[in-house]
Amino acid sequence: QVQLVESGGELVQAGGSLRLSCAASGRSFSLYTMGWFRQAPGKEREFVAADLWSLSVTHYADFVKGRFTISRDNAKNTVYLQMNSLKPEDTAVYYCAAAWMKTSLKVLTTTQAYDYWGQGTQVTVSS
């Protein structure tokens, strides 16, 4: 069993930066692919980024490439999402998720691939 707790969301002006953190409890954190998703009001939850376990591979949605960076610290059981050049359309609740030993990029862009989810952290970008 894994519990995920996100933090770092807040109100920021367009063009600003935020770093989200997701702390995981439980064992074998390094064996989980970690993902970030987001959900804006009235919209479906959408894939943002993933960090694949064991492969040192990251994958991003097109709309965040070059602006967001996912990283992880296995010693701290924590995954991060550094968000730069934020836009009002980035406003959403951001969720981290964990997928046990999955490496298929096609699958990892879907919510069904993930076994555990955090409660989310609100990011609001003002224009």
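At a threshold of 4.5 Å between side-chain heavy atoms, the hydrophobic network of Ile, Leu, Val, Met, Phe, Trp and Tyr places Met101 and Leu105 in two separate groups. When the side chains of ILVMFWY residues are joined at heavy-atom separations under 4.5 Å, either directly or via intervening members, Val123 and Leu11 end up in two distinct hydrophobic clusters. Using a 4.5 Å cut-off between side-chain heavy atoms of Ile, Leu, Val, Met, Phe, Trp and Tyr, with links allowed through other members, Trp36 and Phe63 fall into the same hydrophobic cluster. Tyr116 and Tyr114 fall into different hydrophobic clusters, where Ile, Leu, Val, Met, Phe, Trp and Tyr are joined by side-chain heavy atoms under 4.5 Å apart, directly or via other members.
In this structure, the side chain of Tyr60 engages the main chain of Ile70 through a donor-acceptor pair within 3.5 Å. The backbone N or O of Gln119 lies less than 3.5 Å from a partner atom in the side chain of Glu6, making a donor-acceptor pair. Not a single donor-acceptor pair under 3.5 Å links the side chain of Lys102 to the backbone N or O of Val107. Judged purely by atom type and a 3.5 angstrom limit, Thr91 uses its side chain to pair as donor or acceptor with the backbone of Val125.
For the pair Arg45 and Phe37, the NZ or CZ position fails the cation-pi test of under 6.0 Å to the six-membered ring centre and within 45 degrees of the ring normal.
Other residues, nucleotides and ligands contribute over 12 non-hydrogen atoms within 6.0 Å of the CD atom of Glu89. More than 12 non-hydrogen atoms from other residues, nucleotides or ligands lie less than 6.0 angstrom from CD of Gln122.
Distance CG/Asn77 to CD/Gln3: 12.5 Å, rounded to 0.5 Å. A distance of 11.0 Å separates SG of Cys96 from CZ of Arg72, quoted to the nearest 0.5 Å. Taken to the nearest 0.5 Å, the CZ atom of Arg67 stands 6.5 Å off from the CG atom of Leu86.
Residues Asn84 and Ser17 have side chains that bring a donor and an acceptor to within less than 3.5 angstrom of each other.
In this structure, Ala49 and Leu81 approach most closely via the heavy-atom pair CB-CD1, 4.3 Å. Nearest heavy-atom pair, Ser30 versus Trp53, reported as atom, atom and distance to 0.1 Å: O-CB, 3.3 Å. For Tyr32 against Ala98, the heavy-atom pair with the smallest separation is CD2-CB, 3.7 Å. Here the shortest heavy-atom pairing between Phe47 and Ala61 reads O-CB, 3.4 Å. Shown here for Asp90 and Ser85, the closest heavy-atom pair between the two residues is OD2-O, 4.4 Å. Nearest heavy-atom pair across Ala14 and Ser127 is CB-CA, 4.3 Å.
In this structure, the side chains of Leu20 and Met83 come closer than 4.5 Å at one or more pairs of heavy atoms. Residues Tyr80 and Asp73 meet the side-chain proximity criterion, which asks for heavy atoms closer than 4.5 Å. Between Leu4 and Trp117 there is no side-chain heavy-atom pair separated by less than 4.5 Å. In this structure, Glu46 and Arg38 have side chains that are in contact, with non-hydrogen atoms separated by less than 4.5 Å.
Screening Val57, Leu52, Val79 for a side-chain contact (heavy atoms from CB on, under 4.5 Å) involving Thr33 leaves a single residue, Leu52. With respect to His59, the side-chain contact (heavy atoms from CB on, under 4.5 Å) criterion is satisfied by exactly one of Leu108, Thr109, Val48: Thr109.
The aromatic rings of Phe68 and Tyr94 lie tilted to each other, with the angle between the two planes from 30° to 60°.
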query: Should Asp62 and Lys65 be marked as a salt bridge (Lys or Arg N to Asp or Glu O under 4.0 Å) after you check the CA-CA gap, both sets of side-chain angles, and the distance that decides it?
result: CA-CA 5 Å; Asp62 287 342; Lys65 283 182 180 177; 3.2 Å; yes
